[in-house]
S.K.: 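To start, I am sharing the structure in question, which I have written as structure tokens.
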Protein chains: 2
Amino acid sequence: MLKLSKKTDYALMAVQYMSEKGADRVVNTKEIAEEYNIPGELLAKVLQKLGKKGLIVSQNGPKGGYLLAKSPADISVLSVIQAIEGHVGITECYHNEDSTCMQMPRCNIRTPLRNIQNSIYGLLDSMSIAEMKEFGSATIVPQSRLYGHRT
Amino acid sequence: MLKLSKKTDYALMAVQYMSEKGADRVVNTKEIAEEYNIPGELLAKVLQKLGKKGLIVSQNGPKGGYLLAKSPADISVLSVIQAIEGHVGITECYHNEDSTCMQMPRCNIRTPLRNIQNSIYGLLDSMSIAEMKEFGSATIVPQSRLYGHRT
DNA sequence: ATGGTCTCCGATAGAAATAGTCGGCGACTG
DNA sequence: CAGTCGCCGACTATTTCTATCGGAGACCAT
Ligand code: FES
Ligand code: FES
């Protein structure tokens, strides 16, 4: 729990991959799928979603494929995650209207959890794909990434 | 995704509740279940798990129930979460042996994600139940909670 | 000691989210 | 105009989560 779905993993891998290949190189689904042993059809759906969210740009026809829509430094990890998972809530009932949560009236963890959630968002949002790559080699995670959740 | 399970919610509520009631007051399952509209049997299991992990102490017999094992300031939010969810990994394959992950050989997001995960752990670990309660009223989340994951 | 209250535990059923598949359509290149 | 590749929706299978049940054991009060 507190776990990213496989689809999200795939999305991050794909974006990383594209960022490694450079801005001009069009990569297609099959290429990525084979590189990482991902079921092709599933990855296809993931990439389509990323495309719809404007994170990557598609190019049809033979020799077609995908391209990052912006510089890796301008793509936040959070945006990728949200593109795939949609609404992300650390708990079922982040302050939301149509929540059928039975414990709302007396809930004593709503606001605290929401704060924690915002902190996590802040961290994820402040980290770009480009940075993530660096952290792959380094073992250090930057400080002061907590407060200040943008979206 | 990135979501706490209901059981964990219940666990946090219950611990919060006990912390509110004070150290000497024995509370039983039914009491908490009614307070928050939680299915009793399920909550029972949750509390049993917390007991097994040594976070709370059980007391059998009539007038029995549960008690916090330590001061609310010494119980980290992370410990409660882990008690219920067991191993918590932001991704399937946090550096782990028996992972059957097909993309390991080439995975480009393992280490970065692991760092992010550690950051989140650090935040969760550094926050105690007592603190969480305060953050319920305040809307601010403390800075510099990132690096420095204990466990 | 006995009955009622409460924790403890394993098994199980039902519901929901995830992972992965399939088939057809449309766009583009050569 | 044929092959390649993205686009899309429906579908199935698998796993995880939620909740329930039934019975055993501990304890206190009377
Ligand atoms: S769990 Fe739903 S409001 Fe707190
Ligand atoms: S997703 Fe399994 S190793 Fe990266």
Side-chain angles (χ1 to χ4, degrees), chain A residues 1-11 13-14 18 26-34 36-67 69 81 84-89 91-93 100-103, chain B residues 1-11 13-14 18 26-34 36-67 69 81 84-89 91-93 100-103:
Chain A
M1 131 63 212
L2 212 48
K3 194 168 54 183
L4 262 36
S5 75
K6 220 109 190 172
K7 285 189 201 171
T8 305
D9 282 3
Y10 298 157
M13 284 183 218
M18 290 186 225
V26 179
V27 310
N28 66 17
T29 306
K30 204 172 158 196
E31 178 182 346
I32 303 179
E34 282 174 359
Y36 298 115
N37 290 301
I38 303 174
E41 285 94 353
L42 188 49
L43 178 62
K45 291 199 110 53
V46 168
L47 294 179
Q48 283 159 30
K49 255 187 187 170
L50 291 181
K52 230 185 262 179
K53 294 288 180 177
L55 292 171
I56 60 181
V57 180
S58 74
Q59 196 167 313
N60 269 353
K63 295 290 171 193
Y66 294 94
L67 228 52
I81 295 178
I84 303 301
E85 315 245 0
H87 237 161
V88 178
T91 182
E92 200 62 41
C93 22
T100 54
C101 178
M102 294 313 303
Q103 33 276 139
Chain B
M1 110 62 203
L2 216 45
K3 193 169 54 182
L4 262 36
S5 75
K6 219 107 190 171
K7 285 190 200 171
T8 305
D9 281 3
Y10 297 157
M13 284 184 218
M18 290 186 225
V26 179
V27 309
N28 67 18
T29 306
K30 204 172 156 195
E31 179 181 345
I32 303 178
E34 282 173 359
Y36 298 115
N37 290 302
I38 304 174
E41 285 94 353
L42 187 50
L43 178 62
K45 292 201 110 53
V46 168
L47 293 179
Q48 284 159 28
K49 256 187 187 171
L50 291 181
K52 229 185 261 177
K53 295 287 180 177
L55 292 171
I56 61 180
V57 180
S58 74
Q59 197 167 313
N60 269 352
K63 296 291 171 192
Y66 294 93
L67 227 51
I81 295 178
I84 304 300
E85 315 245 0
H87 239 160
V88 179
T91 182
E92 200 62 40
C93 22
T100 54
C101 177
M102 295 313 303
Q103 33 275 140

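As a basis for the values below, the full set of heavy atoms in this structure was taken, side chains included, without hydrogen atoms, waters or symmetry mates. In this text, all values refer to a predicted model and were calculated from it rather than measured experimentally. Naming: A, B, ... by sequence-line order, numbering from 1 per chain.
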S.K.: Generate the contact string for nucleotides 3-12 of chain C. Rules: B means base contact, S means sugar-phosphate contact only, - means no protein heavy atom under 4.0 Å.
M.R.: -BBSSBBBB-
S.K.: Between P on D:dC5 and CD on A:Glu34, what's the gap in Å once rounded to a whole number?
M.R.: 10 Å
S.K.: Run the side-chain contact (heavy atoms from CB on, under 4.5 Å) check on B:Glu85 and A:Leu2 step by step: do they pass?
M.R.: CA-CA 9 Å; B:Glu85 315 245 0; A:Leu2 212 48; over 6 Å; no
S.K.: Separation of B:Lys49 atom NZ from D:dA19 atom C1', in whole Å?
M.R.: 14 Å
S.K.: Which atom pair, heavy atoms only, marks the closest approach of B:Gly40 to B:Ala33?
M.R.: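 Distance-wise, the nearest heavy atoms are CA-CB, 4.0 Å.
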S.K.: In whole angstrom, what separates B:Asp9's CG from D:dA19's P?
M.R.: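 Those two atoms, CG and P, are 11 Å apart.
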S.K.: Between atom CD1 in A:Ile38 and atom P in C:dT21, what is the gap in whole Å?
M.R.: 12 Å
S.K.: Are any of the side-chain heavy atoms of A:Ile84 and A:Leu50 separated by less than 4.5 Å?
M.R.: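 A side-chain contact under 4.5 Å exists here.
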S.K.: Can you check the A:Glu41 CD to C:dG24 P distance for me, whole Å?
M.R.: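 Rounding to the nearest Å, CD of A:Glu41 and P of C:dG24 are 14 Å apart.
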S.K.: Hey, is the side chain of A:Ser5 poking within less than 4.0 Å of OP1 or OP2 on C:dA17, counting only N and O atoms?
M.R.: no
S.K.: Looking at residues at least two apart in the chain, or sitting in another chain, which of them share a side chain to side chain contact (heavy atoms under 4.5 Å, CB included) with A:Ile38?
M.R.: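 Applying side chain to side chain contact (heavy atoms under 4.5 Å, CB included) to A:Ile38 gives A:Tyr10, A:Met13, A:Tyr36, A:Leu43, B:Gln103.
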S.K.: Could you tell me how far apart A:Ile32 (CD1) and D:dG6 (C1') are, to the nearest whole angstrom?
M.R.: 13 Å
S.K.: Quick check against the 3.5 Å criterion: does B:Gln59 have a side-chain atom that pairs as donor or acceptor with the backbone of B:Leu67?
M.R.: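 Looks like no, no N/O pair under 3.5 Å.
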S.K.: Using whole Å, report how far CG of B:Leu43 lies from C1' of D:dT20.
M.R.: 14 Å
S.K.: Between atom NZ of A:Lys3 and atom OG1 of B:Thr91, what is the distance when rounded to the nearest 0.5 Å?
M.R.: 8.5 Å
S.K.: Kindly point out which of D:dA19, D:dT18, C:dA19 is positioned nearest to the side chain of A:Lys7?
M.R.: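 Nearest to the side chain of A:Lys7 among the choices is C:dA19.
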S.K.: Please state how far atom CG in A:Leu4 lies from atom C1' in C:dA19, giving the value in whole angstrom units.
M.R.: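 Atom-to-atom, A:Leu4 to C:dA19, this comes out as 15 Å.
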